[in-house]
J.: 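Before we start, here is the structure in question, set down as structure tokens.
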Protein chains: 2
Amino acid sequence: MRKTFLFMDTVSNKVDAKGRVSLPADYRAIVKDTGSEIVCYRSLSSPCIEGCLEDLLDKLASEMENSLDFFSAAQDDLTNLIFGDAKRYSFDSTGRIMLSEKLLAHAGITDSAVFVGKGRKFQIWNTENWVQEEARIRAEVFKNRPSIRPVNSGEAK
Amino acid sequence: MRKTFLFMDTVSNKVDAKGRVSLPADYRAIVKDTGSEIVCYRSLSSPCIEGCLEDLLDKLASEMENSLDFFSAAQDDLTNLIFGDAKRYSFDSTGRIMLSEKLLAHAGITDSAVFVGKGRKFQIWNTENWVQEEARIRAEVFKNRPSIRPVNSGEAK
DNA sequence: TGGTATAACATGGGAATTTATGGGAATCAA
DNA sequence: TTGATTCCCATAAATTCCCATGTTATACCA
């Protein structure tokens, strides 16, 4: 049994005619190991689908429940949005999930989906959007951290 | 169970036709002892692959896990960059891992890989690049040394 | 102390397994 | 029934497992 789990890596899978997508094998292993379930919802900040383990949302719910924070009204709203939107997605015997039309539309996904790990969460992007988004993020990070320089070598193709 | 662990030494191993490389035996011992896993990602600052234990990233993920950060846009970018690029690499019964094409390309590695210990992390270099890099670092350190160590300390023990 | 036996390691190659993915049949909902 | 969802089987490619071999390091002994 593993002691930690993290959604990582970036993998692109096909969305078939029926709307099915293979959940990356690593992600499936996490679900198995934790005994939890995958939950997806529309990202509040980007045109992508966001997913995590049900455990995490449960934790979020607990925190909101016990919060004495007067200023958490805004967070409350956000939480409502998430829970109103979230839905469990279990995979079949071949490891595929079937994303709802609503989610696919929000992310502009048609025939291929890019899974991007974010640690306790992950995102699912339309291929072109993700290419742009990654470039944006890299530029942002290098701008804010002068000590780090973009690497120019290697990057063959 | 050991109290401390450090990735050390510099060892060069072959990358075979399938893309497999032996992880140095010392590194494997660390993985066994800690019960963690190796995680690799493209270095942000050099044309090399960087690796560490999954524990290290897990700690990072945990720090971002509370409800405040659940919706944090600032950390969003960072997690995408880090976890989106990282990937777990477990070694087979003979101690080899299979590095992804993306990583190998970034480091310009084709048929041999140099593992360089860095304490809690390690790096994997293309042989020629590492020779240059080491020379560069040594020169750099030598140049800066006078400002680091007082030159005139007659009272030094 | 030199030399040899033994164990650990790196590495090659083939077999077995896992993955991603397509398509058909069975099941379900209204 | 129609459309959709779920389940199951098939396949090709990629990945992992396993055994074999040469090499290096370590232990041991005379």
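Computed from a prediction, not measured in an experiment: that's the story for all the values here.
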J.: Side chain to side chain contact (heavy atoms under 4.5 Å, CB included) with L57(A): which residues, sequence neighbours excluded?
T.: V39(A), C52(A), L60(A), I82(A), F83(A), A86(A), F70(B)

J.: Kindly write out the residues that satisfy side chain to side chain contact (heavy atoms under 4.5 Å, CB included) with V11(A), not counting sequence neighbours, or none if the list is empty.
T.: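 Partners of V11(A) by the side chain to side chain contact (heavy atoms under 4.5 Å, CB included) criterion, ordered by chain and then number, come out as D9(A), N13(A), P24(A), F115(A).
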
J.: Angle between the end axes of the helix from dT1(C)-dA30(D) to dA30(C)-dT1(D), five pairs per end, to the nearest 10 degrees?
T.: 40°

J.: Return the orientation label for the F122(B) and Y27(B) ring planes: parallel under 30°, perpendicular over 60°, tilted otherwise.
T.: tilted

J.: Filter on salt bridge (charged side-chain N to carboxylate O under 4.0 Å, His left out), then keep only pairs touching residues 22-32 of chain A, sequence neighbours left out; what's left?
T.: none

J.: What is the 5' to 3' range of DNA chain D, first to last nucleotide, that sits under 4.0 Å from any heavy atom of chain B?
T.: dT15(D) to dC19(D)

J.: Using side chain to side chain contact (heavy atoms under 4.5 Å, CB included) as the criterion, list what pairs up with V116(B), not counting sequence neighbours.
T.: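 Side chain to side chain contact (heavy atoms under 4.5 Å, CB included) list for V116(B), sorted by chain: T10(B), V114(B), W125(B), W130(B).
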
J.: Taking side chain to side chain contact (heavy atoms under 4.5 Å, CB included) as the test, write out the residues that go with S45(A), two or more places apart.
T.: S43(A), D76(B)

J.: When the distance from CZ of F91(A) to C1' of dA20(C) is rounded to whole Å, what number comes out?
T.: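 After rounding, the reported distance stands at 14 Å.
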
J.: Using whole Å, report how far CG of D111(A) lies from C1' of dT21(C).
T.: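 My rounded result for the distance is 14 Å.
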
J.: Any protein N or O atoms within reach of nucleotides 10-12 of chain C? Criterion: under 3.5 Å, listing atom names and distances.
T.:
from    : atom 1 : to     : atom 2 : distance (Å)
dA10(C) : OP2    : R28(B) : NH1    : 2.7
dT11(C) : OP1    : K14(B) : N      : 3.4
dT11(C) : OP2    : K14(B) : N      : 3.1
dG12(C) : OP1    : K14(B) : NZ     : 3.1
dG12(C) : N7     : R96(B) : NH1    : 3.0
dG12(C) : O6     : R96(B) : NH2    : 2.8

J.: Which pairs, with at least one residue in residues 12-22 of chain A and sequence neighbours excluded, count as a salt bridge (charged side-chain N to carboxylate O under 4.0 Å, His left out)?
T.: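 Qualifying pairs: D16(A)-R20(A), D16(A)-R96(A).
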
J.: Over how many whole Å does the gap from D9(B) atom CG to dC9(C) atom C1' extend?
T.: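 Taking atom C1' of dC9(C) as the reference, CG of D9(B) is at 14 Å.
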
J.: Suppose we screen for side-chain hydrogen bond (donor to acceptor under 3.5 Å, both in side chains). Which residues come up paired with Q132(A), at least two apart in sequence or across chains?
T.: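 So Q132(A) forms no side-chain hydrogen bond (donor to acceptor under 3.5 Å, both in side chains) with any residue.
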
J.: Between atom CG in D92(A) and atom C1' in dG24(C), what is the gap in whole Å?
T.: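 Interatomic distance, CG of D92(A) to C1' of dG24(C): 14 Å.
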
J.: Tell me, please, which residues at least two apart from S112(B) pass side-chain hydrogen bond (donor to acceptor under 3.5 Å, both in side chains).
T.: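 With neighbours one apart ignored, the set is T127(B).
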
J.: So which pairs with a foot in residues 106-121 of chain B pass salt bridge (charged side-chain N to carboxylate O under 4.0 Å, His left out), sequence neighbours left out?
T.: E50(B)-K121(B)

